[in-house]
Each structure stands twice: as structure tokens, then as C-alpha cells.
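Here's the structure, in C-alpha cells; my notes come after.
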Amino acid sequence: MIEQYCKVFLEATNPLPGGLGWVKVGWRTFRHGLLEIDVLRNTDRRFPMMLELHPAREMTDAEFIGACSGLLTEIGPLVTSHVAACDFEEQLPTCGGLAS
């Protein structure tokens, strides 16, 4: 059993949701597929944007890991680099990191 929560730190300054078909469900919260995504500013200058990923509905650990993997694959070409921090980062594409 994993904690179904993941932080993804992005080296990107452009807002991602608009071009990815994310649906706004709150002030800084979007829904995309099986995920609910909070888009936050991060104080780290290298990674100024942070995504907090949560399940949008009850799901298995495998479904959540698959949804997070799909999101990282989708945003990979749109950002310079990213780093995921979660219980299962070693199961994500490139082990949760994409270096510039």
C-alpha cells in the first residue's frame, strides 16, 4: 500500500494546464483523467512550479501509479526538467526525474 500522493517539481515558467486539456475544478486545482492536480508556485528557483497529484476518485495503487506515469510522459516534452517526489518514484518513467 502506497500513499496516493505525489509532488512533481517542474523547471517551467509557462502555465501547463491550458494546452493539456486540464479541467479547472478549483482556484488552483485541475482534473486530468484520473488525477486531481494542484498547481503551485515553488520557492526553489530551479523548479519554480510544483504539481501535487491526488487521485480524482478511489483507485488501486497500480491505477494511481499508471496515471502519474502518463502525466509525466505527457508533460515531459513541455518542460526543461522535472523531479517527482513520492513513495513510488522508482516506478515512474525515468525514475521520476528528467534532467535538462
Side-chain angles (χ1 to χ4, degrees):
M1 190 82 179
I2 62 165
E3 181 180 0
Q4 291 188 349
Y5 171 80
C6 189
K7 284 185 180 181
V8 181
F9 301 92
L10 304 173
E11 187 177 351
T13 53
N14 297 332
L16 291 173
L20 295 174
W22 297 6
V23 177
K24 190 168 185 151
V25 294
W27 181 70
R28 62 176 192 201
T29 305
F30 296 83
R31 183 159 293 143
H32 181 65
L34 299 174
L35 296 175
E36 207 160 86
I37 305 161
D38 292 326
V39 180
L40 307 165
R41 288 192 179 144
N42 187 25
T43 55
D44 184 329
R45 287 160 60 106
R46 167 116 196 250
F47 298 100
M49 187 184 299
M50 179 175 62
L51 307 177
E52 291 184 347
L53 311 179
H54 311 271
R57 61 161 177 80
E58 200 169 308
M59 64 181 75
T60 67
D61 290 346
E63 287 176 308
F64 185 67
I65 292 168
C68 292
S69 294
L71 180 73
L72 291 180
T73 300
E74 188 175 342
I75 66 172
L78 304 175
V79 298
T80 307
S81 63
H82 69 266
V83 176
C86 45
D87 287 350
F88 50 89
E89 60 204 40
E90 69 284 347
Q91 297 177 56
L92 296 172
T94 65
C95 290
L98 176 66
S100 53

- Message: Would you say Met49 ends up clustered with Trp22 if hydrophobic residues are merged whenever their side chains have heavy atoms under 4.5 Å apart, either directly or through other cluster members?
- Response: yes
- Task: To the nearest 0.5 angstrom, please state how far the CD atom of Glu89 sits from the SG atom of Cys68.
- Result: 11.5 Å
- Side chains of His54 and Asp38: closer than 4.5 Å at any heavy-atom pair? yes
- Message: Are the side chains of Phe47 and Leu10 in contact, using a 4.5 Å heavy-atom criterion?
- Response: no
- Below 4.5 Å, heavy atoms only, C-beta onward: do Phe64 and Leu35 meet side chain to side chain? yes
- Task: Would you mind reporting whether Lys24 and Thr29 have side-chain heavy atoms less than 4.5 Å apart?
- Result: no
- Message: Could you check whether atom CD of Glu90 has more than 12 heavy atoms from other residues, nucleotides or ligands sitting under 6.0 Å from it?
- Response: yes
- Task: Establish, from distance only, whether the side-chain atoms of Glu11 and Thr80 form a donor-acceptor pair under 3.5 Å.
- Result: no
- Message: Assigning hydrophobic clusters by single linkage (Ile, Leu, Val, Met, Phe, Trp, Tyr; side-chain heavy-atom cutoff under 4.5 Å), is Leu72 placed with Val39?
- Response: yes
- Message: Counting C-beta onward and ignoring hydrogens, is there a side-chain heavy-atom pair between Lys7 and Leu51 closer than 4.5 Å?
- Response: no
- Query: Under a 4.5 Å side-chain heavy-atom rule over Ile, Leu, Val, Met, Phe, Trp and Tyr, are Leu92 and Leu34 clustered together?
  - Reply: yes
- Task: Flag the pair Val23 / His32 as yes when at least one side-chain heavy-atom distance between them is below 4.5 Å, and no otherwise.
- Result: no
- Do the side chains of Ile65 and Ile2 get nearer than 4.5 Å, heavy atoms only? yes
- When hydrophobic residues are tied together by side-chain contacts of less than 4.5 Å, even through go-betweens, does Ile37 share a cluster with Met50? no
- State which residues pass side chain to side chain donor-acceptor pair (under 3.5 Å) with Glu52; sequence neighbours excluded, sorted by chain then number. Tyr5
- Task: Check whether any side-chain heavy atom of Cys6 lies under 4.5 Å from a side-chain heavy atom of Phe88, and answer yes or no.
- Result: yes
- Evaluate the criterion side chain to side chain contact (heavy atoms under 4.5 Å, CB included) for residue pair Asp61 and Met1; output intermediate values, then yes/no. CA-CA 7 Å; Asp61 290 346; Met1 190 82 179; 4.1 Å; yes
- Message: Apply side chain to side chain contact (heavy atoms under 4.5 Å, CB included) to residues Val8 and Leu71 and explain how you reach the verdict.
- Response: CA-CA 10 Å; Val8 181; Leu71 180 73; 5.7 Å; no
- Look at Arg57 together with Glu63 and state whether they make a salt bridge at an N to O cut-off of under 4.0 Å. yes
- Query: Taking it one step at a time, do Ser81 and Arg46 satisfy side chain to side chain contact (heavy atoms under 4.5 Å, CB included)?
  - Reply: CA-CA 9 Å; Ser81 63; Arg46 167 116 196 250; 3.3 Å; yes
- Message: On a heavy-atom basis, which atom in Arg31 and which in Gly33 lie closest, and how many Å separate them?
- Response: CG-O, 4.1 Å
